[in-house]
Structure formats: structure tokens, C-alpha cells
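Computation of the quantities below employed the complete heavy-atom set of this structure, encompassing side-chain atoms and omitting hydrogens, waters and symmetry-equivalent molecules.
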Amino acid sequence: MEGTDRMTPVLEIRGLRLAFGAREVLRGVDVRLEGGAFVALMGLSGAGKSSVLRAIVALEPFTAGTITVDGFTLRPGPVPRESQLRALRRKVGMVFQQHHLFEHLPARDNVTLALVHALGMEKAEAERRAMSLLDALAVSPRARALPRELSGGEAQRVAIARALATDPPLLLLDEPTASLDPARREELGGSLAALCRAGRTLLVTTHDVDFARHFAQQVIVLADGQVAEIGDPAAVLSRSSHPATQRLLQARPGSRAS
Amino acid sequence: MEGTDRMTPVLEIRGLRLAFGAREVLRGVDVRLEGGAFVALMGLSGAGKSSVLRAIVALEPFTAGTITVDGFTLRPGPVPRESQLRALRRKVGMVFQQHHLFEHLPARDNVTLALVHALGMEKAEAERRAMSLLDALAVSPRARALPRELSGGEAQRVAIARALATDPPLLLLDEPTASLDPARREELGGSLAALCRAGRTLLVTTHDVDFARHFAQQVIVLADGQVAEIGDPAAVLSRSSHPATQRLLQARPGSRAS
Amino acid sequence: MAQRSFSRRRSWRIPAAAVFLLSLAGVTWLLAAHLRSREPSHEPPVLRWGGDPEGGAPYVEADPRNPSVMRGFDVEVATAIAHGLGRQPQFIPVSWDAIDQSVRRGDFAIGMSGVEDTPARRATMLETIPYYEFTEVLTVRAADRGRFRTLADLRGRRIGTLGATMAYALLMKASGPDGFTTVSYDDDVHPYEDLKSGRLDAVVLDNIIAARSMRQVSGLYTQPVPLEVGHYVGVMAPGNGALRNRINAVLLARMRDGTLERIFKRWNVWNERQAVFEARLIRDGGHGTVAVGPSLPVHRGVLATVRRYLPALFAAAGITVVISCGAMALAILVGMLIAAGRIYGGRIVSAALLGYVELMRGTPVLLQLYVIYYGFASFIRLPAFWASLIGLGLNYAAYESEIYRGALEAVPKGQLEAARTLGLSEPQILRLVRGPQAFRLALPPMTNDFVSMLKDSSLVSVLTVVELTKQASIFAANSGSWVLPGVLCGAFYLALSLPLAHVARRLELRWKAPTA
Amino acid sequence: MAQRSFSRRRSWRIPAAAVFLLSLAGVTWLLAAHLRSREPSHEPPVLRWGGDPEGGAPYVEADPRNPSVMRGFDVEVATAIAHGLGRQPQFIPVSWDAIDQSVRRGDFAIGMSGVEDTPARRATMLETIPYYEFTEVLTVRAADRGRFRTLADLRGRRIGTLGATMAYALLMKASGPDGFTTVSYDDDVHPYEDLKSGRLDAVVLDNIIAARSMRQVSGLYTQPVPLEVGHYVGVMAPGNGALRNRINAVLLARMRDGTLERIFKRWNVWNERQAVFEARLIRDGGHGTVAVGPSLPVHRGVLATVRRYLPALFAAAGITVVISCGAMALAILVGMLIAAGRIYGGRIVSAALLGYVELMRGTPVLLQLYVIYYGFASFIRLPAFWASLIGLGLNYAAYESEIYRGALEAVPKGQLEAARTLGLSEPQILRLVRGPQAFRLALPPMTNDFVSMLKDSSLVSVLTVVELTKQASIFAANSGSWVLPGVLCGAFYLALSLPLAHVARRLELRWKAPTA
Ligand SMILES: Nc1ncnc2c1ncn2[C@@H]1O[C@H](COP(=O)(O)OP(=O)(O)OP(=O)(O)O)[C@@H](O)[C@H]1O
Ligand SMILES: Nc1ncnc2c1ncn2[C@@H]1O[C@H](COP(=O)(O)OP(=O)(O)OP(=O)(O)O)[C@@H](O)[C@H]1O
Ligand SMILES: [Mg+2]
Ligand SMILES: [Mg+2]
């Protein structure tokens with residue numbers, strides 16, 4: 001109700017409730033992202049971060065609330081048929097926590113597949129784009145390897161490249177930093193920041209406080225199926241007094257060291 | 001050759017060379033762990049950390065060198081048949097980077113399986129042990145969930161519980177912190193530290209510098225298929241001048257912040 | 001609960017659809033059988049007619065003075081017809097129970113060899129008007145002429161007859177109420193011999209055969225009261241209507257001018273029953289005459305026939321189920337062992353097993369059944385039932401093993417590695433981790449095999465085991481048409497496989513793909 | 001390279017093992033056929049002997065005065081034998097080409113109905129010493145008596161004979177060098193009629209049949225020079241040796257006391273050839289007499305016979321391959337559509353498809369073939385070949401669809417979700433992500449079906465298509481034994497399925513399970 005006067009959001013989640021069987025995981029989540037935002041979604045393991053992202057890309061049915069992506073609205077009830085999701089698919093990209101690479105295709109073809117068949121790009125051009133992306137993420141040497149031949153971090157970066165390839169206006173990344181070494185995280189953070197400077201909108205779940213603090217413009221803390229706290233990373237992650245945030249960070253080494 | 005006078009090591013790797021096809025990933029790795037050690041194995045993504053661990057548990061054949069676990073020695077060439085590895089299996093436990101939970105069994109049974117069938121423990125007792133472990137890792141509420149119903153972090157913790165259950169003298173953990181929130185990491189670090197105080201030996205790969213610094217007694221940096229640097233975490237991770245270590249940490253937010 | 005009721009609804013929907021389609025097919029077939037025309041574009045100068053030389057006198061027999069020349073009243077009637085059509089008769093020898101198929105195939109235009117007018121035949125073939133009226137009579141040992149006057153007197157006794165005849169149908173119907181056993185023969189000599197020798201207590205066949213046999217076998221007595229009235233007709237291919245009508249005309253004409261009477265007298269099968277019968281036919285110009293009172297069992301039509309054969313079919317279906325299940329159990333067991341051997345066994349073991357698989361898959365199971373039943377008989381003489389079960393089982397084991405091998409190899413290696421590092425032995429891993437997950441992958445193809453096993457089990461009939469298909473073909477031989485038994489047989493198999501497939505689907509849902 | 005050679009070695013090892021096992025089975029069988037004894041524990045007072053009443057005079061025919069009494073020289077010889085053994089003869093009617101099986105089954109002790117002494121029969125059955133020596137003679141139109149003196153004169157012509165006879169074997173052998181066409185008949189009347197009518201240029205049959213037919217069909221001429229010498233023997237079940245020897249003794253005795261001569265004279269089939277023949281037999285007491293010079297083709301033994309039938313078998317195998325491949329292609333195509341429909345289609349669609357699957361899986365394919373070939377004939381009259389191909393294809397499609405459905409559902413859902421979020425359409429996902437990974441899972445069961453399709457294709461012989469099994473059974477009928485054709489047939493199927501299985505394995509290795 002409030003804030004409708006502000007510029008129309010790229011993503012708006014209202015009172016999202018989501019349950020697996022009897023177990024209600026999300027109990028009314030409200031999120032609002034303007035274009036060009038870089039938002040970190042944090043919370044305890046099992047808090048429901050992945051569920052939120054999966055709900056946004058219409059992979060998880062939800063019981064109440066609405067999800068609106070740039071005009072396209074998802075409603076409670078069974079997931080709509082793919083044919084009705086065309087519009088949504090063009091607007092949102094996703095990196096899965098478990099990567100979900102196409103096991104029968106080499107790294108490069110994992111990236112080009114959508115470019116060629118969904119965007120109808122020339123094969124040669126698609127491969128150029130794929131290689132440049134893999135290069136930027138420092139996995140181009142493994143471009144010909146099958147997913148089962150990749151290391152954890154390499155697989156993760158290929159998955160990121162695959163999602164970046166189609167260059168969707170809204171990008172959801174589920175724990176993209178999980179198995180990256182510090183240097184790679186830095187690089188990833190940098191390129192993501194560049195992306196949202198270019199107008200893309202990013203919603204990133206992460207357990208890496210430093211990463212969130214240095215790259216996100218805003219942090220959303222998910223707890224007990226609801227948004228516990230929203231705000232500037234520095235504020236939330238350093239000086240927050242909110243119990244949920246405390247629970248998430250309380251044991252943070254940095255804080256203990258001091 | 002040197003140091004044979006010291007107490008006999010739990011794990012000794014000598015000149016380990018490992019190649020995938022033409023690509024040589026490990027080019028002479030030497031590692032030596034005494035009982036009760038807590039060692040962090042670090043390195044760029046794709047450096048070969050997982051390969052080292054997999055080689056130790058005889059899942060990856062290697063081309064040169066020897067791996068000796070508490071008297072049991074692995075040699076180059078094809079992986080020996082399972083029947084000849086009985087001794088090794090009882091000595092080493094492993095947590096996989098991709099978890100590899102048994103998809104058809106609920107979380108709890110994933111933990112009890114080995115207890116009942118490998119150690120011949122009473123079913124009831126096995127379940128008590130499993131529940132207490134899951135409890136310690138805060139996933140006991142999901143004990144009845146199938147792996148596909150677990151969140152990334154929950155799956156990871158179940159995998160850890162499964163490895164801890166059989167309580168092997170040498171424990172290899174591949175990125176156990178990857179998808180854990182800061183609080184869970186702290187708890188995990190704590191319980192691991194307790195384990196090695198109880199005499200277990202731990203070799204843990206991680207990209208989490210803080211985790212390594214606070215819990216490991218020793219850090220091994222893997223680079224270009226060899227051990228680039230080895231030493232006290234504080235020293236290596238804060239004041240190291242070694243180029244490989246620089247490459248790994250150079251972008252570390254902490255260092256930059258200063 | 002909701003789940004249950006849902007699945008029940010589901011389980012209903014399927015048979016509904018299936019049975020609907022099945023009956024559709026059946027009906028089309030029957031329909032087609034009527035519509036299909038085989039009439040030649042221009043009529044040849046000869047009339048090809050088919051008969052069974054084995055039928056013997058007085059129907060059709062080879063002239064002893066010149067065996068290639070046929071004689072008998074059917075021969076003469078056929079000749080009369082041919083001449084009436086201005087053609088030359090040409091005789092085509094055919095075995096009696098193949099007459100319908102042959103005429104349908106167009107081997108000859110009309111079949112005449114003591115061919116009876118039966119509902120089954122009328123449903124599928126074209127019949128001329130009847131040219132002879134016979135009666136089914138009860139023959140007993142002379143000594144018993146007082147005791148056994150009617151079928152009712154024969155409760156608990158054995159009555160013989162010729163298979164695929166009206167007499168057989170008549171007995172099948174009466175056997176229920178009157179509670180006697182019907183014994184079907186393939187020739188009309190043995191029944192009377194067995195009657196004399198005491199193996200039977202009575203024989204029911206038509207008066208002509210009875211008379212003929214009485215002349216050969218002494219000490220028998222035929223009860224004067226007929227059990228049933230029937231007619232000999234010429235049988236023609238459906239759609240051959242034009243010719244049929246002209247033949248009917250000729251037959252009527254020959255009745256009027258007494259030609260038929262002379263023929264029948266010459267073979268002394270004429271009696272005043274014929275006089276009455278022909279008079280009636282001539283009166284109403286051959287119309288509606290074949291419609292005999294509904295009281296007569298053979299005219300009870302399809303449903304009654306079906307009801308008559310159901311018990312036998314059910315029993316046979318039982319055999320089919322037992323053999324199929326037994327063989328499948330064996331196949332699954334051996335198949336698992338082979339699959340395990342091929343994956344875990346050494347070079348030699350897996351090579352040998354591969355050889356077994358390719359040999360069993362590559363050669364016809366029928367051949368294998370022969371080898372097991374006859375070939376091994378010198379070493380171990382297996383009863384037909386066990387030979388069938390083992391033969392089918394070992395053959396299917398080869399197929400199953402391939403299915404399991406594929407499924408086992410499809411289980412994610414990571415889980416196997418995890419299991420190893422946990423210290424589980426390979427057999428344990430197979431039993432606890434790999435097998436369970438492979439099983440679900442194997443379930444659909446396994447169901448396929450189980451379902452086709454039901455039908456392959458019909459092969460064992462070559463080992464003298466009477467199962468569903470065999471029983472159906474006996475039924476077919478006796479009802480003189482394959483249509484009804486075929487559809488029934490299909491329905492039975494369907495009824496067996498549907499629950500099977502349903503259970504399999506339930507299992508599949510239960511162990512939903514873990515990767516799902 | 002190394003890979004190649006390895007796989008080659010492998011591909012050799014398998015057929016080796018397989019063929020070894022196959023021949024093993026075959027040998028066991030032959031062996032067993034010899035060893036197996038069917039002799040009854042105590043001899044009955046009657047001698048049951050089997051003959052074919054259709055054989056007609058002078059062999060076996062029904063006495064016109066009393067059709068249940070048989071007459072003919074075989075009848076009298078059999079009677080002489082029975083009396084010689086101090087038994088009563090009991091005649092068991094049997095169709096000529098079933099004599100061997102029946103006697104083997106123990107329906108009667110000895111078969112005598114112009115039964116020829118052939119290598120095949122000698123290999124599998126027990127033969128008495130020959131009791132009559134006949135000759136194979138060449139009959140032509142009187143007009144051609146000058147042109148067609150020998151088989152060599154008949155290059156490019158059509159020669160008729162009776163199937164399953166020595167004459168047939170003789171022609172099969174000569175047809176190669178002399179380049180004429182052999183036409184096999186089921187009865188011995190039609191060949192001569194067709195010869196007269198010009199459909200044939202010559203008929204080769206034994207002198208007795210020739211003489212008989214010449215009496216009935218005019219305008220024919222039989223060349224005096226015999227093509228071949230053969231013998232009639234009594235055929236008995238293997239292991240019945242004791243009785244056989246006593247029968248041989250009786251036969252020799254009857255030759256000495258001239259009984260046989262009188263019999264043959266009465267049926268005027270006696271000639272001085274018999275005198276010489278009997279004299280020789282009596283001289284060396286019936287030993288080694290049947291061993292006729294190796295120059296005679298029918299005594300060339302197994303290998304020659306095989307070589308003779310190979311071309312026909314190869315041709316038939318071709319049909320089998322074409323139909324199997326065609327049907328399998330159809331099955332795969334339709335199966336994929338059904339599987340896709342069941343997974344992606346709405347409630348109604350998938351329910352209907354499920355109905356189709358259950359109906360096709362649940363009912364015998366034979367029934368379906370009948371419906372398609374005969375049932376639909378009124379709407380669309382399919383040629384047998386196409387009906388077979390379509391029938392098998394549609395039936396197997398049901399099985400394939402289940403395999404694909406299972407495989408498609410086994411592909412990790414996560415990858416499908418990823419594909420969706422990338423904006424790929426469901427058809428694209430099926431084609432690019434799901435299908436390729438499912439295919440490898442489906443490969444082993446698919447191979448199973450392809451291999452069994454090869455053998456199921458034999459069912460189409462009911463639609464008059466002559467494929468491998470049918471050809472083998474023709475072979476069997478002509479060589480009078482199922483053993484050799486059976487083993488050959490099996491070997492052919494094996495030879496067809498082995499490469500198939502091998503290719504499948506290569507494919508499997510190529511697309512090694514991604515999860516591996
Ligand atoms: N398919 C499912 N069926 C049942 N429960 C599920 C399913 N998927 C997730 N859950 C449960 O829902 C809760 C939220 O899962 P989710 O993956 O969103 O957590 P998360 O915030 O992503 O945790 P993590 O940081 O560990 O990834 C978890 O407790 C999980 O066990
Ligand atoms: N099965 C395989 N076939 C071919 N190459 C492989 C295979 N497994 C791993 N590699 C390659 O070997 C290198 C080392 O892999 P490894 O998993 O040990 O790296 P890592 O140190 O564990 O990396 P990460 O931190 O991302 O897990 C990587 O470049 C990887 O691509
Ligand atoms: Mg998550
Ligand atoms: Mg790794």
C-alpha cells in the first residue's frame with residue numbers, strides 16, 4: 001500500500017507464504033527491489049532463502065501472497081504451465097545452489113545452449129560470448145570438460161556463466177560464493193557490481209558476511225519465515241541489535257576476535 | 001627420509017602425482033599429519049584439494065608417490081579392489097564436497113546405515129547416536145526428510161554427521177563450511193576442534209580464511225600441483241609473502257579494509 | 001484415504017478405456033468379416049468346391065477304383081449345383097476343420113462336406129440354404145439301452161463326440177445341468193470303439209455317422225428319440241452373396257425335381273424327415289427355414305456359448321498365471337545374479353555371462369523349450385510344467401539381467417563412493433544403496449516383460465501344457481470360428497495384465513525417482 | 001586404435017562363446033534324441049501302427065465297403081509284421097508329415113505309410129530294414145518326352161514334386177547345377193494336373209505315385225531311367241531298438257517265404273527290382289543294405305542338406321531383418337510420441353494413451369495382427385507385409401513408450417528446472433536435455449526389445465509372410481525332422497541379434513552415464 005508513489009519495482013513480493021506439506025517455511029515475506037539494486041538475502045541455513053528464489057522463478061508453488069516481476073504476476077496455487085511463463089523466463093535468470101549443470105554437455109555448451117535455442121543466437125557468436133564469460137570467471141581452460149570432470153568451484157562458476165549469458169534484467173544467485181576461493185569471490189563481486197551499475201537487478205543469497213558487506217547495497221535478513229531486518233549492509237551486519245541478526249552473526253569470528 | 005625419528009604420522013603423502021588424462025593436477029605433493037592434528041588444506045579453486053582427499057581414500061588412482069595412512073600404504077596404479085581396502089576404510093572417513101547423500105534414505109538412515117551394517121551396531125543404539133549427532137549440528141528436526149527435501153546447508157550437515165558417526169581416527173572434510181551460515185560454521189569449528197582434542201586427526205579443505213585461522217593448527221597452501229606453503233595459520237594467512245598465498249588471499253576483504 | 005479413492009477411480013478408468021477399445025477392435029473385426037468381399041471379378045467356367053476326403057462315405061470319399069475321383073452325396077450335390085450354374089465341378093481336398101478358413105481365403109467357392117449350420121458359422125460366414133436335415137442321436141451300449149435313454153440318465157458318466165460339431169456344443173450346454181463329462185474326439189471312429197470298450201458310456205453324433213459306425217462296431221444301440229435337429233449347408237465366403245443366392249435357387253430347383261431325393265436315396269440317407277423338410281423349404285422358397293426354434297441350444301447364440309466356455313478358460317488362465325509368475329520369479333532372481341556377476345565379476349565371469357545372455361536372447365525361446373523338454377530328457381526328465389517354467393524363466397533371465405545391468409550402472413557413482421568410504425562391502429552397497437535405487441529405474445521395463453511373459457507363456461502349449469491360448473484355440477476349433485475365442489482370449493490376457501501394470505505404477509509412484 | 005582392436009577382440013569372444021553353447025545344446029539334443037527310450041515296460045497284445053489314410057491306394061486307404069477298415073500294401077505288410085510278433089494290428093490314422101512326431105510321442109509303435117528312408121530320419125528316428133525299393137522318376141508331357149529326358153534338359157523350367165519327400169531333396173540338390181525351379185506341393189495329385197495344364201514342365205515323384213497318377217491324368221509320359229533309388233521303411237521311436245530288431249527279423253522271414261512278394265503283386269507294385277533287392281537283403285541278413293552309394297544325394301548327410309537350404313534361409317532372414325527393423329523404427333517413433341504425450345499431455349490425453357498402452361501390451365500381438373490384416377480389410381486392405389510391419393510396430397510402441405517414460409522421469413529434475421529458468425520451451429528441453437540423457441537409460445531395455453522383435457517377427461507368418469522361422473519349418477517338414485532346422489534357425493537368429501547387441505553396447509559406452 002505505501003510507497004506506490006515510488007518508481008515501479010522490478011521485483012515485488014507481497015505476503016509470500018510457502019509450505020512443504022504441513023511445514024510452513026515462509027510465513028508472509030515482503031520484498032521490493034528497484035531496478036539496478038544489488039540485494040543480499042541472508043539468514044540461517046534452512047531459513048527459506050532458496051525457497052524464496054525458487055518461488056520467484058515459478059519452480060515452487062506457494063500458498064499465499066503474490067510475486068510480481070516487472071509486471072508479470074505469480075499467484076498462489078499450482079505452478080503455471082511453461083507456455084504461460086514465457087514472459088517471466090525472459091526477465092529472470094537463476095543460479096542454483098546445486099548448480100544443476102547439464103550433465104551430458106561440456107561446460108561451454110552448458111552456456112551456449114540457451115543462447116542458441118532460446119535467444120536464437122548464431123552458434124559461433126554464442127560460443128564467443130560463452131568463452132568470454134568463462135574467461136572472465138577463469139574457467140575457460142575447462143570449457144571442454146563435462147560437468148562431472150569439474151571441481152566444485154569450477155562447476156559453480158560455469159553455472160554462473162550460464163545464467164549471466166542470457167543477460168536477464170533480474171538475476172537470482174543462490175550462494176554463488178559458496179565454493180569460491182577469496183580471490184574468485186572478489187572477482188565475482190566485482191563483476192556483479194558492474195552488472196547492476198549497468199542496470200541489472202541482483203538478488204543474491206550468501207553466508208559470506210564480508211562479501212555482503214562489500215558488494216551489496218542492501219541486506220535482507222530472513223528469519224522464522226519472515227523478513228526480520230532490512231537495511232544498509234554496514235548497519236545490519238555490524239551494528240544490528242535485532243535478535244535474529246544476532247543469532248545469524250553472533251558467533252562471527254570477526255566479532256569474537258575483537 | 002628426514003623426520004622418521006619423530007612420532008609415526010597418521011597420514012603421510014610422499015611425492016603424490018595425479019593426472020586426469022593428459023592433465024597433471026598434482027605434481028609431487030608431500031603432506032605429513034601427526035595424530036590429533038587439525039590441518040586446513042587451502043588453495044585456489046581447481047588447485048587439486050579434492051583430488052588429494054579423494055586419492056587418500058583410494059577413490060582416485062594416482063601416477064606416482066605413496067600415501068600411507070597409519071601403516072596402510074597406497075601405491076600408484078589402478079585403485080585396489082574394495083576387499084583389499086578394508087583396513088583403510090576403518091581408518092579414514094570423508095565428507096564430500098557434493099555431499100553424495102543416499103538419495104533413497106531419510107537423513108537419519110543416511111547416518112545409521114554404516115553404523116548398523118559396517119560396524120554392526122544395534123539399530124536402536126545407532127539411531128540414538130545419529131540423532132545426537134544431527135542434534136549437535138542442528139538438523140535433527142529434518143531427520144526424517146529425504147535428501148532432496150533438504151536445504152543446501154542441511155544436506156551438508158547431514159553429510160558431516162554421516163562421516164562423524166563411524167568416528168574414524170582420520171577425518172577428511174571437503175569444504176564442510178561451504179554452505180553454512182556463520183553461526184553454524186562456528187559450531188562446526190568448535191565440535192571439530194573438540195574431536196581433535198580427543199585424538200582424531202582432521203584434514204579440512206576450506207575457502208574460509210577466518211575459519212581456518214581460528215580453528216586450524218596448521219595451514220597447507222596448494223598451488224600449481226604442489227605444496228606452496230605450510231605453517232601456522234596466523235602466519236600464513238596474515239603475514240605470508242609467498243606469491244601463491246598472495247594470489248589466494250590478495251583480494252581478501254580484511255586485508256583490503258586495512 | 002483420498003489417495004486410495006483417487007487411485008481406485010484411476011484403476012477403473014483404465015480398464016474402461018481398454019475394454020472399450022478392445023470391443024471396438026472385436027466389433028470392427030466381426031463387421032469386417034461380414035463386409036469383406038472375395039468374389040472374383042468374372043466367374044470362372046468351373047465351380048471349385050472343397051470337401052474332406054477323410055470324411056469318408058457317405059459324404060466324401062475317394063473312389064477306390066480311381067482314388068483321384070471323389071464320390072459321396074456331398075460330391076453329387078456339389079456336382080448338381082455346379083451343373084445348375086452351368087459350370088464344371090472341381091474338387092479341392094481340405095481337412096474338415098479348415099473348411100471355413102479355406103473358403104474364406106478363396107481356395108474354393110463353396111465348402112460342402114457335412115458342414116453344419118451353426119450360429120458361429122452363420123455369424124462369420126455365408127451359408128446356403130440347408131440341403132439335408134440330420135438329427136443328433138444318443139448311442140449307448142446295447143446293454144444300457146434301458147438305463148441311458150436321455151442325457152439326464154447319464155449324470156456323472158462320460159459322453160464322447162466329435163469336436164467342433166453341433167453335437168459338441170449341445171453336450172457342452174447340457175453338461176452343466178445334467179452333470180456328465182464331455183470327451184471331444186478328432187475322428188468319428190474312436191468314440192464308438194471307446195464306447196464299446198467301456199471308456200465311454202454314450203456317444204452323441206449325427207444320425208448318419210451313428211448309422212455308419214453302428215455297421216462297423218457291434219453291440220451298440222442308438223436311441224430312437226433325437227436330441228437335436230441340425231442341417232447340412234454349403235459354406236461360402238462372406239460377400240459372395242450373389243453366387244450364394246444363385247446356388248440357393250439351384251438347390252431349391254433340385255429339391256423340386258427330386259434330384260436331391262434320388263442322390264440321398266442312392267446313399268441311403270433318405271428318410272421321411274427329409275421329405276417333410278424339403279416340402280417346407282420348397283413351400284416358403286427357402287426363407288426363414290434355417291431359423292429353428294430357440295429351444296435348441298446351438299441356436300442360443302454367442303452369449304450362451306461364451307458362458308459355456310468360461311470355466312475352462314478360467315482354469316486355463318490359472319495355469320497361465322502360475323507359469324508366468326513362477327517363470328518371472330525365476331527370471332528376476334537369475335537376472336539379478338547375472339547382472340551382479342557382469343558388473344562385479346572378473347573378465348572371465350562377465351564374458352561367460354555375456355555369452356549366456358546373448359545366446360538366450362538371441363535364439364527363439366521355443367527352441368530353448370524343446371531343448372530343455374526333449375533335449376535334456378535323457379539326463380533329467382522334467383515334467384512339462386516344470387520344463388515350461390524353467391525354460392521361460394531362464395530365457396527371460398537374460399533380458400532381465402540386461403535391464404538390471406543398465407539400471408545399476410545408472411545409479412550415481414558419488415553415492416557408491418560415499419558408501420565405500422563408510423566401510424560398506426560391495427555386496428552391502430549393492431543390497432543397500434545401489435539395488436534399491438536401480439530397482440525403480442528397472443520397474444517399467446520389468447513390467448513390460450512381466451506383461452509379455454503372460455503371453456509368451458502360451459508357447460509352453462507345445463509342451464502339452466494347456467494354458468489360456470491353447471484353451472482358446474480348442475474353443476475356436478469347436479465353435480468353428482476364431483473371432484469370438486480370439487476376442488475372449490484377448491480380454492482374459494488384458495484382465496490379467498491390467499492389475500499387474502496397475503500395481504507396478506503404484507510401486508513406481510511409491511519410490512518416486514530420488515533424483516526427481 | 002587400441003580401443004578398436006580391443007573391441008574387435010571382444011566382439012569375437014562373444015559369438016564364440018555363444019555358438020559354442022548353441023552347438024552344445026544342439027548336440028545334446030541330437031544325442032538325447034538317440035538315447036531317449038519310449039519302449040513300454042510290458043508289451044501290449046496289439047501292435048499299434050500309424051499310417052495316413054489320405055495316402056490312398058496302393059499304400060493305405062479306407063475300404064469303400066467299410067471305411068473304418070484300411071487296406072493297401074502298407075496295411076498288409078503291417079498286418080504281417082503284427083502277426084509275426086503274435087499281436088493284433090491296430091491302425092492309428094495320422095497325417096503323413098506328422099508320422100515321425102507321433103511315433104516319437106508314442107502314439108503308435110511303428111509308422112508305415114510309404115515312409116522313406118532319409119538321412120534326416122535315420123539321424124533322429126529308428127528305422128526298420130527297408131521292405132520296398134522304389135525309384136524316383138521323371139514325368140513330362142507326352143509331347144516333351146523327346147526334349148526332357150533328364151533334369152539337365154530342364155534348365156530354367158519348373159519341376160513339381162511333393163514336399164517333405166526324398167524327391168524334393170533330390171531336386172533341391174540338383175536345382176543348383178541344373179538351374180531349374182522346384183515347386184513343392186502338399187498333395188500328389190495337383191503336380192500332375194499342373195504338369196498337364198502347362199504350369200509345370202516336369203514332375204519328379206516315386207514310381208508308384210507316378211504310375212497311379214498316370215492312370216488318372218492322360219497325356220503324360222514317364223521317362224524310363226530312374227533318377228534315384230529309395231526305400232520304404234517302418235519308422236519307430238528311438239530307443240525302441242529291441243522291438244525294431246524283432247520286426248526286422250519278421251520282415252526278413254516274410255521276404256524269404258514270399259509273403260511280401262504276394263502282397264506287392266496283389267497291389268501290382270511288384271517288379272524284378274524288388275526281386276533283386278529282396279534277394280540282396282536276405283543274403284546279408286538285412287545288414288548294411290540301406291547304405292546306398294554316397295553318390296546319392298539324399299545320403300549326402302547333414303552338411304549337404306544344410307547347404308541346400310541355406311539360400312532360402314538367407315532370403316527368409318532378409319525378410320525377418322526388414323520387417324523387424326521397419327517395425328522397430330515405427331515402434332520407437334510412436335513410442336516416443338506416446339511417452340511424451342503421457343508426461344506432457346493433459347489428463348485426457350495421457351489417460352487415452354495409457355489405455356492404448358495397456359490394450360496393446362495386454363492383448364496378444366497375434367490377435368492384433370489378425371485385426372489389422374483381416375479386421376480392417378474392409379476399410380483399408382493392407383498387403384501382408386505392411387500389415388505385419390505396422391502391427392508389430394504399433395504393438396511394440398506400447399512397450400517402448402513405457403521404457404521411455406521411465407527413462408524420461410529418471411532424468412534429474414534439477415536440470416529441467418535449470419533449463420526452464422533459461423527460457424527453453426518444454427519441447428526444446430525434451431529434445432536437448434531430457435531426451436539425450438533418457439536415451440542412454442533406455443538403451444538396454446530397447447536392445448532387449450529389438451532382439452526379441454527379431455523373433456516375434458516370426459508371428460507374421462500367419463499373414464502368409466514367409467520369414468526365417470516359417471522357412472525353417474518348411475525345411476523341417478521337408479527334412480522330416482525339427483532338430484537340424486531348429487538349430488540352424490536358432491543360429492540365424494543369433495547371427496542377427498549378436499551384431500545388434502554389440503552396437504548397442506558400443507553406444508552405451510559412448511554415452512557413458514553422465515552420473516557415472
Ligand atoms: N522439497 C522439499 N520438501 C520438504 N521440505 C523442503 C523441501 N525443500 C526445502 N525444504 C525445507 O524448507 C526449508 C527451507 O529450505 P531452503 O532451501 O529454502 O533453505 P535455505 O535458506 O536455502 O537454507 P540453506 O542456506 O541451507 O540453503 C528447509 O528446512 C528445508 O528442509
Ligand atoms: N574426473 C575428472 N576428470 C578430469 N578432470 C578433473 C576431474 N576431476 C577434477 N578434475 C580437474 O582437476 C582439477 C582439480 O580438481 P579438484 O576438484 O581437486 O579441485 P579443488 O581444489 O577441489 O577445487 P575446488 O576448490 O573448486 O573444489 C580441476 O581443474 C578439475 O577440473
Ligand atoms: Mg539454500
Ligand atoms: Mg574441491
After noting the C-alpha distance and the side-chain angles of Glu402(C) and Arg342(C), does the key distance pass the salt bridge (Lys or Arg N to Asp or Glu O under 4.0 Å) rule? CA-CA 10 Å; Glu402(C) 274 297 286; Arg342(C) 286 197 54 194; 2.4 Å; yes
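For a residue to count as touching a neighbouring chain, one of its non-hydrogen atoms must lie under 4.5 Å from one of that chain's; by this rule Leu454(D) does not touch chain C. Looking at Thr447(C), both its backbone and its side chain come within 4.5 Å of chain D, counting heavy atoms on both sides.
Atom-to-atom distance recorded for Tyr59(D):OH and Ile209(D):CD1 is 4.0 Å, nearest 0.5 angstrom. Note that the CG atom of Leu500(D) and the CZ atom of Arg505(D) stand 10.0 Å from one another [nearest 0.5 Å].
Minimum interatomic distance between Asn395(D) and Gln368(D) (heavy atoms only, all atoms of both residues): ND2-OE1, 2.9 Å.
Interface remark: of the candidates Tyr493(D), Tyr399(D), Phe492(D), Tyr399(D) forms the most heavy-atom pairs closer than 4.5 Å to chain C. For the options Ala398(D), Gly406(D), Ser452(D), heavy-atom pairs under 4.5 Å to chain C are most numerous at Ser452(D).
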